[in-house]
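Presented below is the structure to which this report refers.
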Amino acid sequence: MATMEWTDDFSVGVDLLDADHKTLIDMINLVANSIEVGQSTETLGEVIQLLYEYAEFHFIREEVLMEACGYSDLDEHRKTHQSLKQKVSGILDQYAENPDSVDARELLEFMTAWLTDHIMNRDMAYAPAMAGRFVHKTKLES
Ligand SMILES: [Fe+2]
């Protein structure tokens with residue numbers, strides 16, 4: 001089963017957002033693993049739900065940072081987040097109703113392709129606007 005791997009090419013230059021993207025990649029790989037080991041439809045559904053919820057949380061964070069730096073393409077970017085959420089929440093509803101009607105592998109492939117394209121194109125476009133912003137140190141580093 002194809003899995004997704006983080007590389008530095010995915011970095012948008014903001015640690016917090018890179019960390020979110022790494023978590024999303026980990027969660028995609030969890031879905032892949034769930035399919036591969038043949039976990040119950042209930043467990044698989046829960047893992048897909050978690051991926052959806054983390055994506056939702058991450059989109060809010062990303063939009064707040066885009067807004068804070070006055071990013072000009074925020075509205076268009078927000079629309080891409082909304083359409084992804086709409087699509088995946090529709091699939092989750094379908095899954096809850098009848099898991100056999102959802103092709104989990106197809107969903108996984110879609111999510112992998114979507115996230116790769118989204119980070120490399122949409123997210124990368126805000127990188128210059130955020131460069132040097134939102135840099136913070138943890139207590140341990142200071
Ligand atoms: Fe985004």
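Ligands are counted one by one from 1 in listed order, and the atoms in each one are counted from 1 as well. In this chain, residues are counted from 1 in sequence order.
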Checklist entry - Do any of the N, O or S atoms of H58 sit under 2.8 Å from the Fe ion (ligand 1)? => result no
Checklist entry - Distance from Y95 atom OH to T41 atom OG1, nearest 0.5 Å? => result 5.0 Å
Next on the checklist: Taking the basic N atoms (NZ, or NE/NH1/NH2) and the acidic carboxylate oxygens, is any pair closer than 4.0 Å for R122 and D73?
Outcome noted: yes
Checklist entry - Tell me, which N, O or S atom in E62 is closest to the Fe ion (ligand 1)? => result OE1
Checklist entry - Are Q86 and Q82 close enough that a side-chain donor and a side-chain acceptor fall under 3.5 Å? => result no
Item to check | Minimum-distance N/O/S atom that H77 presents toward the Fe ion (ligand 1) | outcome: NE2
Item to check | N/O/S from D123 sitting under 2.8 Å away from the Fe ion (ligand 1) | outcome: yes
Checklist entry - Does any non-hydrogen side-chain atom of W114 lie less than 4.5 Å from one of K87? => result no
